[in-house]
A.B. asks: 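First the structure, which I've put down as structure tokens, then a few questions once you've had a look.
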2 protein chains.
Amino acid sequence: MTTTRRERIRETTLEEIISTAWKQIAEQGVPALSLRAIAREMGMTAPGLYRYYPSRDDLVTALIKDAFDSFTRHLETARDEAFDANHVEQYRAVCLAYYQWAVLNPSRYALIFGSPVPGYQMTEAAYASSRKGFLVLQNLIEKARAAGSIHPPADFPPLPPELVSRYESLRILGMPGDPVGTHIALATWSTLHGVTALMLYGYLEGFLSDQVEGFVLQMIDQLVMLFGFE
Amino acid sequence: MTTTRRERIRETTLEEIISTAWKQIAEQGVPALSLRAIAREMGMTAPGLYRYYPSRDDLVTALIKDAFDSFTRHLETARDEAFDANHVEQYRAVCLAYYQWAVLNPSRYALIFGSPVPGYQMTEAAYASSRKGFLVLQNLIEKARAAGSIHPPADFPPLPPELVSRYESLRILGMPGDPVGTHIALATWSTLHGVTALMLYGYLEGFLSDQVEGFVLQMIDQLVMLFGFE
DNA sequence: AAATATAGTGAACATCGTTTACATTATAAT
DNA sequence: ATTATAATGTAAACGATGTTCACTATATTT
């Protein structure tokens, strides 16, 4: 892994472009992201950026990958810090970390979980990054189940057979987890996304004001009860 | 309410602009919405549109209001069609209607619940429209509670006092509903939004393929159990 | 019939993403 | 050390965008 001087400089420039882009997204939003503005702020001209990213879309793809990596790392850190705790606490920690990352990185969250852009296709590398984040949640749930720490209540609505067989076929495709574990992970993910997205958009603030985090914690508690974490 | 000939023509043009805008949003997404393209398709020049909407942002605001109105009407229709049924079925019907409206109107859903744009402030009229949609859900839950059709399970996590008092102060501000009803409505809304948004972005399709609606129905069943609808 | 308000056009400005041709500079080869 | 080559950047230009301004044509009102 020898890196020449030129390669190091190139790497630095690549990073500077990304960080400048995030700065502008935070200030003006994704739609207003402008190559010319980035170049201006970096003290160079717009066409020069094309030596690094062949188009605006490719830059956005790089930003998406960057955001997913940060997101996944944050979840992993939360999981690792709760390593000594029991499964419920680990689950709670990762769920809360999901929300907190969004609070700390609203622009990044909006970019990867915001409105899809018709015609824009996400790179396979970016999709792989997205799965990595989800896997943190799914693996944790899987371990808790294997340890017998999850007992859904008696009146938990049974999964319809079509859904179960769909989950089964995922396992064949190499995904970890039994049907119930996969379902719990998907349901958790959906719920967290809903709360977080509504919060970021400002729809919850009108109702909850300074109690948004309290609401999120309550929602997590409800998930714990619903799935029978112990 | 006398309408002159000119006013009628103006009204027609206003509507044609909106419908042309939706057509383009459906084809190319919100970011690509172009005043010039709208004018072109309508057989006029771009500056002419400024007699109707003073800027692109004002047009977007009108689109948001239009989307919210359609959304609310759809929920109300679903509620009214299930008028004879019991409270659980009404709740199920409205929840499913939420998801189905998004499936039928992906562009509209993305516009009102997608990424927030920094610097863009929603009109009070648009916010009022958003509350109207939420109220359909909240009023329904409130009626079910008044009729004694909601009994959360014994191990339902108790609402923290700060959250309860926050809900209480909402009632003082003129919002209907007791704390528990408000909370159930918010929790339902968040969950539905999470499922729907992930579905529209395509994150769920990789897992669920043709079982997305089955997953949504399952999530609704879980909400019914979680809150103790009967 | 004259005065006025409304609707629309055409030209222009600043901005955007992107391409092309060209200059500069750092590395590699001789 | 000099030459060839590859990488990095610039300047100019194209077509597109939102928006403003000056102007014309039309419809309504007086």
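We name chains A, B, ... by the order of the sequence lines, and we start the count at 1 in each one.
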A.B. asks: Can you list, pair by pair, the side-chain donor-acceptor contacts under 3.5 Å of residues 214-221 of chain A, counting residues two or more places apart and other chains?
C.D. replies:
{"residue": "Gln218(A)", "atom": "NE2", "partner": "Gln222(A)", "partner atom": "OE1", "Å": "3.1"}
{"residue": "Gln218(A)", "atom": "NE2", "partner": "Pro157(B)", "partner atom": "O", "Å": "3.0"}
{"residue": "Asp221(A)", "atom": "OD1", "partner": "Arg92(A)", "partner atom": "NE", "Å": "3.0"}
{"residue": "Asp221(A)", "atom": "OD1", "partner": "Arg92(A)", "partner atom": "NH2", "Å": "2.9"}

A.B. asks: Rounded to whole angstrom units, what separation is found between the CD atom of Glu16(A) and the C1' atom of dT8(D)?
C.D. replies: 14 Å
A.B. asks: Can you sort out the partners of Phe134(B) under ring-ring contact (aromatic ring centres under 6.0 Å, His included), two or more places apart, ordered by chain and number?
C.D. replies: Phe207(A), Trp189(B)
A.B. asks: Tell me the interatomic distance from Gln28(A), atom CD, to dG18(D), atom P, rounded to whole angstroms.
C.D. replies: 17 Å
A.B. asks: What integer distance in Å separates Leu33(B):CG from dT17(D):C1'?
C.D. replies: 12 Å
A.B. asks: Is the shortest distance from a Lys or Arg side-chain nitrogen in Glu11(B) or Arg8(B) to a carboxylate oxygen in the other one below 4.0 Å?
C.D. replies: no
A.B. asks: Once you round it to whole Å, what is the distance between C1' of dT8(D) and OH of Tyr52(A)?
C.D. replies: 6 Å
A.B. asks: If I take atom CG in residue Leu49(A) and atom C1' in nucleotide dG9(D), what distance separates them, rounded to the nearest angstrom?
C.D. replies: 11 Å
A.B. asks: At under 4.0 Å between heavy atoms, how does the protein contact nucleotides 18-30 of chain C? Give one character per nucleotide, 5' to 3', with B, S or -.
C.D. replies: BB------BS---
A.B. asks: Let's see if you can work this out: which of dG18(D), dC16(C), dA11(D) has an atom nearest to the side-chain heavy atoms of Ser34(A)?
C.D. replies: dC16(C)
A.B. asks: Report yes or no: does Asp58(B) contribute a side-chain atom to a donor-acceptor pair with the main-chain N or O of Pro54(B) at less than 3.5 Å?
C.D. replies: no
A.B. asks: Considering every strand and a 4.0 Å limit on heavy-atom distances, what is the contact class for Tyr53(A): base, sugar-phosphate, or nothing?
C.D. replies: nothing
A.B. asks: Starting at atom CZ of Arg10(B), determine the distance to atom P of dA5(C), rounded to an integer number of angstrom.
C.D. replies: 16 Å
A.B. asks: Starting at CZ of Arg40(A) and ending at P of dT15(C), how long is that distance when rounded to a whole Å?
C.D. replies: 7 Å
A.B. asks: Hey, are Arg73(A) and Asp69(A) close enough for a salt bridge, meaning a charged N less than 4.0 Å from a carboxylate O?
C.D. replies: no
A.B. asks: Passes side chain to side chain donor-acceptor pair (under 3.5 Å), Tyr109(A) versus His193(A)? Steps please.
C.D. replies: CA-CA 10 Å; Tyr109(A) 193 88; His193(A) 174 63; 2.8 Å; yes
A.B. asks: Over how many whole Å does the gap from Glu11(A) atom CD to dA7(D) atom P extend?
C.D. replies: 16 Å
